[in-house]
Structure formats: structure tokens, C-alpha cells
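What follows is a short report on a single structure.
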Amino acid sequence: MKKRALVTGITGQDGAYLSQFLLSKGYDVFGVIRRSSHRGVEDHRLRWLGVADRVTLLDGDLGDASSLVRIVKETRPDEVYNLAAQSFVASSWRQPVLTANITGVGVTNMLEAVRAEAPEARFYQASSSEMFGLIQEERQSEKTPFYPRSPYAVAKLYGHWITVNYRESFGLHASSGILFNHESPLRGIEFVTRKVTDGVARIKLGMAKELRLGNIDAKRDWGHARDYVQAMWLMLQQDKPDDYVVATGVTTTVRDMCRIAFAHVGLDMDKHVVIDPAFYRPAEVDVLLGDPSKAHAKLGWKATTTLDEMIREMVDADLARLKA
Ligand code: NAP
Ligand code: GDD
């Protein structure tokens, strides 16, 4: 019997890579897609990876509990990956209630649907290193206390603890992956790595002269989404549900990430980057650095792509996209 996986957020970066990975493992893949007036473009990432025709998409919304109950009932999944969220930190100050409803309470909607219709299914929650926020330890592990610094991080913290609570209250096989930043050519254009690689490609091709950024002294632990979706799957293959930090264990400033991207096409970032206070945040997460030793020891997982390799892959993909 083929295994069945249900993925919320299937049209996002991680949803696309996870679908490709699950299909390669022989799964039937189902995904939740929200209604849009631009039907036909929402699956662009799945098309980019060549898997759009191999997944089944069902109409639903994380804010509409009844749609989730119906979808879980119809698809009878063995594994549920809850990736859907309002995922952009900067937007969460502009849409705090929506962020709370979808990124936070939406997790309960999904857990309730699973509890009612597929209590044996294994559940993955997309938790985030943003929950560490104002860091309480230099390297953040599963034991590090949380200190969220944005409405997004507060909502994710709720999603994280409700997942733990449903595991402890109802015996669900529910795991939470505390993933540090992960990127790819399929990253949304508003996130800093993709904004930089797209900007560098535009400058190289003579389509732009400058790139406006906010706090380039912030540090992140960046990995590749292709590597990170494998950790999600590995968590659901364990006998016991648990929580895991997924990270590279290396942290880099936005400035140095930027320098890699400009250098790749032979440009000097100092001639093109303009600091624009419009991109500063009301409260910043200055530095994130993960300790992935538990994921390594228990899941046998390790990041395989360096930041350098990933940024060069992203710049090349943006150059190709813009030339086309
Ligand atoms: P993403 O590219 O922004 O994708 C978000 C997905 O959620 C999209 O498919 C989006 O659908 C969907 N979505 C948003 N609101 C929804 C709603 N109300 N109902 C149903 N679906 C909805 O994010 P990502 O980078 O793939 O991240 C996946 C998950 O991991 C997110 O929960 C994110 O917060 C979390 N996370 C990400 C990172 C990272 O560095 N990438 C790190 C830690 C945790 P549309 O396509 O229609 O917008
Ligand atoms: N987006 C953006 N745009 N960020 C900028 C800019 C800019 O112009 N200039 C500087 N930055 C800084 C931000 O202030 C932040 O410190 C850092 O670059 C990374 O910003 P993002 O790429 O937007 O990601 P994030 O770290 O806020 O959030 C991402 O990672 C989280 C995991 O730690 C998102 O994917 C979240 O969904 C995820 O949970």
C-alpha cells in the first residue's frame, strides 16, 4: 500500500521541496490550496520542480476548520505536514491578528481535524527558530528557553506548544521541527536571501543599479530547504514523536551573505547596497545559531549544503529566470 501524505502550505517553498521528496519515496501526496482569483499561478513552485501534475490539490484554508476536517476525512493521510502559515516576520506587525489566527490558532484547527478524522496519522508542525528571538543561550537547542520578538514568533510559539500539548493530552504522534532559516531558488522574493540574489541578478543584467536593505548586521543560521524537508520526514519515521532543532550550526551576517552573492558575479556590494530604514523591524532578532546535535544523533540528519553553495545556486537561478 502506498503511503499517503497531506501537506498544508504545499504551494510554498518547503511544500514544493517536501512534495518532490515524498513523491521520490513513493507517497501519494495531497495538498491544501487556498482560493485565489489568480488560479493557475499558485502552483508555480511545484511546476518549477516538475511535480505539479503528480500531487492532488484540495481547496481549504487554515482559518476554516470545517475545510480541514473534510480534507483529512477525504484523504485519510498516514502523515500530515502542517507547513501553512503567514510566514513573513515583517508582515506580522502589519497583520498581527491574521498572523495569530493562521500561524497560531490554525495549528489547533489542523490538530483537531487530525484528532477527529485520522488520530493514527503522524503530524509534523513547522516550528521556527524565531521563537528563540532575544536569545537566551549562544547556541540554541531544544532546551533553550524561548523569547519571541515578533507577532509571528508569538504565534509560532503557540503553535509549538499546542502541538506538544496534543501529543501529551491525546497521545497524537505529533512532532515539532524547530527549523532555522532555510532558503532556495524557490524562496519568496521578500525574504532577505532571495531579495539579495534577485537584486544582484538585476544589477548584473543592467536592470537595476541599487539594492535597498535594512539591518545587514543581523546574523542567521542559513541552510538549504532541500536538506531541511528531509529532516521533517525523518521526524515522522521515528517510533516516538519529539521536537528537534534543525540547523547548520554556522551563523553569518546578512552583510557577508550579500558579499557572497555580489562576488559571485564579479560585483562590489559596497557600490550598490543602500541602507534603508524602511526595512528595519520594530524589534529585531539580532543573531540565531542552532545546535543540531540531537537531529544528528537521533535522526542521522546533517545539513549538506553550505551558504556559499546555496547563494551561488540562487544567483544563477535568478540570472536564468530574468534572462528568460
Ligand atoms: P512560504 O513559502 O511562505 O509558504 C507558506 C505556505 O502557507 C504557502 O503555501 C501559503 O499559501 C500557505 N498559506 C498561508 N496562509 C494560508 C492559509 N490561511 N490557509 C492555507 N494555506 C496558507 O513558507 P516556507 O518558507 O515554505 O515555510 C513553511 C513553514 O515553515 C511555514 O509555516 C514557516 O513559517 C515555517 N518556517 C519556515 C522557515 C524558513 O526559513 N523557510 C523556518 C522555520 C519555520 P499561498 O501560496 O496561497 O500563499
Ligand atoms: N526580509 C528582509 N528584507 N530582511 C532584511 C532586509 C530586507 O531588506 N534587510 C535586512 N534584513 C534582515 C532582517 O531584519 C532579519 O534580521 C534578517 O535579514 C532575515 O530576514 P528574513 O529573510 O525576512 O527572515 P527571518 O529571519 O525574519 O524569518 C525567516 O526565518 C524564520 C526562521 O528563523 C522566515 O522564513 C520565517 O518564516 C522563519 O520562521
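Hydrogens, waters and symmetry mates play no part in the numbers below; they use all other heavy atoms, side chains included. Both counts, for ligands and for their atoms, begin at 1 and track the order of listing.
Counting heavy atoms closer than 4.0 Å to ligand 1, residue His182 contributes atoms from both its backbone and its side chain. The parts of Leu213 lying near ligand 2 are both backbone and side chain, judged by heavy-atom distances below 4.0 Å. The side chain of Tyr152, and not its backbone, has at least one atom closer than 4.0 Å to an atom of ligand 1 (non-hydrogen atoms only; side chain from C-beta on).
Considering backbone and side-chain N/O atoms, Trp222 never comes within less than 3.5 Å of an N/O atom of ligand 2. Not one N or O of Thr193 is nearer than 3.5 Å to an N or O of ligand 2, by distance alone. Between Val192 and ligand 2, a contact under 3.5 Å exists for at least one N or O pair. Checked against a 3.5 angstrom limit, the closest N/O atoms of Arg45 and ligand 1 fall outside it. Residue Leu288 has no N or O atom closer than 3.5 Å to an N or O atom of ligand 2. The shortest N/O to N/O separation between Asp14 and ligand 1 falls below 3.5 Å.
Counting the atoms of ligand 1 from 1 in the order shown, those under 4.0 Å from a heavy atom of Gln13 are 2 (O), 25 (O), 26 (O), 41 (N). Heavy-atom proximity to Ser127, at under 4.0 Å, picks out these atoms of ligand 1: 43 (C), 44 (C).
Between the choices Gly133, Ala247, Gly199, Ser129, the shortest heavy-atom distance to atom 33 (O) of ligand 2 belongs to Ser129. Closest heavy-atom approach to atom 27 (O) of ligand 2 among the candidates Met131, Arg194, Glu130, Arg281: Arg281.
Shown are Lys2, Lys3, Arg76; of these, the salt bridge (Lys or Arg N to Asp or Glu O under 4.0 Å) with Asp28 is made only by Lys2.
Neither Trp301 nor Ile178 shares a network with the other; the hydrophobic side chains, linked directly or stepwise wherever heavy atoms of I, L, V, M, F, W or Y lie under 4.5 Å apart, form separate groups for each.
Protein heavy atom closest to atom 30 (O) of ligand 2, with residue, atom name and distance, is Asn181 ND2, 3.0 Å.
Not a single heavy atom of Val32 sits less than 4.0 Å from an atom of ligand 1.
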